[in-house]
Amino acid sequence: MRRAAIPLLAWAVLLTCSAVGLWIYSHSWLNATLISAAAALTYLIALGFVIRHRRMPDASEARAHPELSVRALPDLSFGSALIGIAIATMIFGAEFGLFLVYIGLGLLLFGVARLIFELRAERRALEEARR
Amino acid sequence: MVDTGHEYHHLFSIYVPIAVGVWLAIALATGYGLLRYRRRPGRVPSGRHEAQVPELTYAALLVGVAAMLLYFTFTTESKVDALPRKPGLVLHVTAGQWNWRFNYPNGASVVSSSLHQRVMQVPTNTVILVKLHSVDVVHSLWIPERRIKKDAFPGADNELKLTFPKAGTFSGACAEFCGLHHAEMRFGVKAVPRPQFDAWLRVQAGASG
Amino acid sequence: MSTIAARRRAPAWTSVIGATDHKTLGRNLLIAAFAFFIAGGVLALLMRLELAAPGMQFVSHDTYSELFTMHGSTMIYLFVTPLALALGVYLVPLQIGAADISAPRLANVGFWLYITGGLTLESGFLTAQGPGKAGWFATWPLSTSGATPGTGMNLWVLGVIMSALGMIAIGVCLLGTIMRRRAPGMTLLRMPPFTWTQLVTALMVIGGFPVLVLVMTLLYLDRQGVHIFNGFEGAIDYQNLFWFYGHPVVYVMFFPFVGCALEAIATNTGRRLFGYRLFALSLLLFTALSMSVWAHHMYTTGGITNRYFAFTSTALLVPAGIEYFDMLGTLIGGSIIYRTSLLFGVTFFLQFLVGGASGIFVASPTLDYHAHDGYFVIAHFHYTLFAGSIFGFFAGVYHWFPKAFGVTLREGLGKLHLVLLIIGTNMTFFPMFFLGQEGMPRRVATYPRSTGWETLNTVETVGAFIIALAIVVFLWNVVVSLRSHVAAGPDPWDGQSLEWATSSPPPRHNFDVLPPVRSYAPLLDLKKAGEWPRRRELEETPA
């Protein structure tokens, strides 16, 4: 799976070439900084995938790792919906008042709590299914 | 003396035939492919799924086309962008919501606004340096017949070289959306021979005070 | 290896709120995006009604500014961008043999940020001073609170921020899915072409969209009185920041639809995509270039190095040309069935080429000095986005509709839809090249009668209503087809990639059995070796 990072690295290198071109030819430090930042971000992401490579086991490995032969697929997540709406509420509060930001913060806490609840329930269900 | 209209036309006559030619070639090839290779009983599709050498050759050809286009663009751009060291006329243009103020060296000015669109005058066969800025939002000075425009920003001047090889009256517009009466922010440009222009300018100076 | 999911009996409305099944979430995104398309389209029809004749007949100048701003904003932020990502959310796991996307809950957060962002953007219509009206890119200083005051404009900025955050979240999920969830044997160079386009799209979303969030936050602060931007430098900085997002986004609105068109074409010619390796490489080059060309939107500002961006912008023709070569290579030598999906795909390539060629035209600063901010540019981007990308989208719809809904769309209605849309888009947008050449500026509510532009404008307005008719035909096709009782089966088109190896629609976990992957057209390999049934019902094998 480490090889999968190669296209990302290739992309980052192409962006770097562009950044070098801009540093040389452009009067604007902002321009070159923007593209350099995008290149840097892509390097980091590629690095992340190289370091944390973890593939789903295939049929041959399933026997060796029976615990991985069962996975959880969430069907519904109200927690995530609440988090999305909460963030939106907080942003909305920038226009309509601090009270909305607080309400959004509260919703966010509810959403995160619900999300934790969902993740734990998922883990419990997985453990049961694997037994 | 650089004629921006001519330079545009020169580039246009390189780019457009190539574009049309490419489109026709691809459309014909596509039509050919669609008709010639229609599914018929017994037709087996080709299993060949790549042709590296032809494709890379073709890619090299494309690089050549791009290089050629860039060569023509850069040489034209040098001519159009180059600013005159000794312009025959320096014209200060101020853009605002929603009017153009054309300020001449002798203090004369013509104002064309969204309510009263007016015609200003320029001399033919003279290199004109336009110094352009805005007093509020971004506007853009566009004279379509000259095939050129330049944005007017608040805070600093933009410079534009203009020449009018032929006499005539041409329209001008604001090209950068600037609010409510952007559509009416138009003006006229009348290009006349230099002596006629000088005479007009003297009269304008008197009128503007 | 098979996967088993625990099923929950939940009422249908819950799947609208909390869906984490990528198929449900993808479907929700698609429906929401299409709803915004209708809204944006209505705004366009109103604009065209006003422009058909000189003078102000139906709306005021102020309203017209709102119309074109909200038309562009709705179409770009709320329709085509989410549409591109929605297709990825639905199809990528199916194409790579995964049971779901990565981090589906994050994707749902993204979905809700997009919905709330869209509603916030449009809610400006309910305010006293109206919605955003400074154009879809809100050029500073026109977008300051002095020049464009009001809550509606503030809500516009906030709406853009929210929906951009949503898109970033979904892009992250897509990238994770592609990197982590591929079936055994599916290396990156064995992914179907559509998934490759989604990979590079996700990269552009992650690389470019955060800058939109940044610049809009700065704009919002500027509108609150914090002096972020000042003078000429500030105005140029704003444009650099905006267009650094503003160019990649148009490629986000392009690549997935190239993928759709290519898959529809390849499947209906009975061959795998021609020139796949160079295609994948050229995608990387194409998208890296797309991150490097943004200031070609600023040639007339005098604030950037025109030549550098002319160079990168013109270079775009190289990878673009490679894609056309591959399309032709697939067609020629094939065994072609004239299905609606293929016809839409081929039309996409031909019409997009008009947009692409006009793009190379305006990549030249000297040519752009005339074309910029005029109707030539409007023609250019509507050819790429509408006459181009949306045709690619419809190719994908006709191709994958049976997979998602279990029934095929009607071919007859589909061809009517295609013909009407070809007539409509060309009638509406081709005359705009001429109007631009003659000097018609963009974003004008009216034009002088003396210009003689009325005739072409009237033709364009008629064309716009033909487009509307085409969309009605499409929607009718959807309604009529969904009522059909004829099951499409798992593989109605003799497909080549993994999504056709499961039922239509797929079960929750997508695949009961994953076929072996030996190339980028795994099913085609198996069919040729006689190891996979062609266009017959698959018997469900036990897990």
Side-chain angles (χ1 to χ4, degrees), chain B residues 7-8 11-12 15-16 19 22-23 26-27 29-30 33-34 37-39 43-46 48-52 55 58-59 62-63 65-66 69-70 73-74 76-77 80 136-138 140 142 144 147-151 153-156 158 171 173-183 186, chain C residues 61-62 65 135 139 141-142 147 231-232 235 269-272 274-278 300-302 306-307 310-311 314-315 317-318 321-322 324-325 328-329 331-337 346 349-350 353-354 357 360-361 364-367 369-370 372-374 438-439 441 443-448:
Chain B
E7 295 301 325
Y8 175 92
L11 259 192
F12 185 97
Y15 272 72
V16 173
V22 165
W23 193 90
I26 291 181
T30 305
L34 274 177
Y37 293 95
R38 187 171 191 170
R39 185 160 300 192
R43 159 155 282 148
V44 178
S46 159
R48 188 167 188 217
H49 60 272
E50 61 182 7
Q52 302 264 20
E55 194 164 359
Y58 163 78
L62 291 173
V63 172
V65 170
L69 291 175
L70 281 169
T73 287
F74 286 172
T76 319
E77 194 183 344
V80 170
D136 42 38
V137 300
V138 182
S140 190
W142 188 14
R147 301 290 191 257
I148 198 158
K149 67 168 61 72
K150 197 91 183 206
D151 294 351
F153 279 85
N158 253 344
S171 62
C174 174
E176 182 67 46
F177 178 61
C178 52
L180 213 53
H181 292 289
H182 166 64
R186 302 177 65 86
Chain C
H61 281 80
D62 196 45
S65 319
T139 310
L142 181 67
F232 182 83
T269 57
R271 297 173 74 194
R272 69 194 64 223
F274 189 90
Y276 175 91
R277 272 174 187 262
L278 271 174
T300 57
T301 61
N306 287 5
R307 280 169 192 245
F311 168 70
T314 309
L317 72 84
V318 177
I322 291 177
Y324 275 82
F325 189 96
L328 286 170
L331 267 186
I332 292 170
S335 175
I336 306 172
I337 308 182
V346 167
F349 274 101
L350 290 178
L353 188 53
V354 176
I360 297 300
F361 182 93
S364 168
T366 330
L367 293 171
Y369 290 159
H370 180 54
H372 178 66
D373 266 345
E438 287 178 32
R443 300 171 159 175
V444 288
T446 183
Y447 46 90

Give, as side chain, backbone, both or neither, the part of [X] having an atom under 4.5 angstrom from any heavy atom of chain C.
X	result
B/Tyr58	side chain
B/Val138	both
B/Tyr15	side chain
B/Leu69	side chain
B/Ala173	side chain

- Consider only side-chain N and O atoms of B/Asp151 and C/Thr301, and report whether a donor and an acceptor are under 3.5 Å apart. no

When rounded to the nearest 0.5 angstrom, what distance separates [atom1] in [X] from [atom2] in [Y]?
X	Y	atom1	atom2	answer
B/His181	C/Asp62	NE2	CG	9.5 Å
B/Glu55	C/Phe274	CD	CZ	6.5 Å
C/Glu438	B/Ser171	CD	OG	10.0 Å
C/Asn306	B/Thr73	CG	OG1	11.0 Å
B/Trp142	C/Asp373	CH2	CG	8.0 Å

- Message: With chain C as the partner, which of B/Thr76, B/Thr30, B/Val22 has the greatest number of non-hydrogen pairs under 4.5 Å?
- Response: B/Thr30

- Item | Contact winner vs chain C - B/Ala51, B/Ser46, B/Gly33, heavy-atom pairs under 4.5 Å | B/Ser46

What are the two closest non-hydrogen atoms of [X] and [Y], and how far apart are they?
X	Y	value
C/Ala310	B/Leu70	O-CD2, 3.5 Å
B/Ala66	C/Thr314	O-CG2, 4.0 Å
B/Glu176	C/His372	OE1-NE2, 4.3 Å
C/Thr446	B/Ala183	O-CB, 3.6 Å
C/Thr269	B/Arg39	C-NH2, 3.9 Å
B/Asn158	C/Gly302	OD1-CA, 4.0 Å

Any [X] side-chain heavy atom under 4.5 Å of [Y] side chain:
X	Y	answer
B/His49	C/Tyr276	no
C/Pro141	B/Asp136	no
C/Ile332	B/Tyr37	yes

- CZ (B/Arg43) with more than 12 external heavy atoms under 6.0 Å: yes

- Query: Under 3.5 Å, side chain of B/Lys149 to main-chain N/O of C/Tyr369, donor-acceptor pair present?
  - Reply: yes

- Message: Any side-chain to backbone donor/acceptor pair from C/Arg271 onto B/Arg48? Under 3.5 Å, distance only.
- Response: yes

- Query: Under a 4.5 Å heavy-atom cut-off, does chain B meet the side chain of C/Val318, its backbone, both or neither?
  - Reply: both

- Query: Using a cut-off of under 4.5 Å for heavy-atom pairs, which of C/Ala445, C/Gly135, C/Gly270 has the most such pairs with chain B?
  - Reply: C/Gly270

- With B/Ala156, which residues qualify under side chain to side chain contact (heavy atoms under 4.5 Å, CB included), at least two apart? C/Phe232

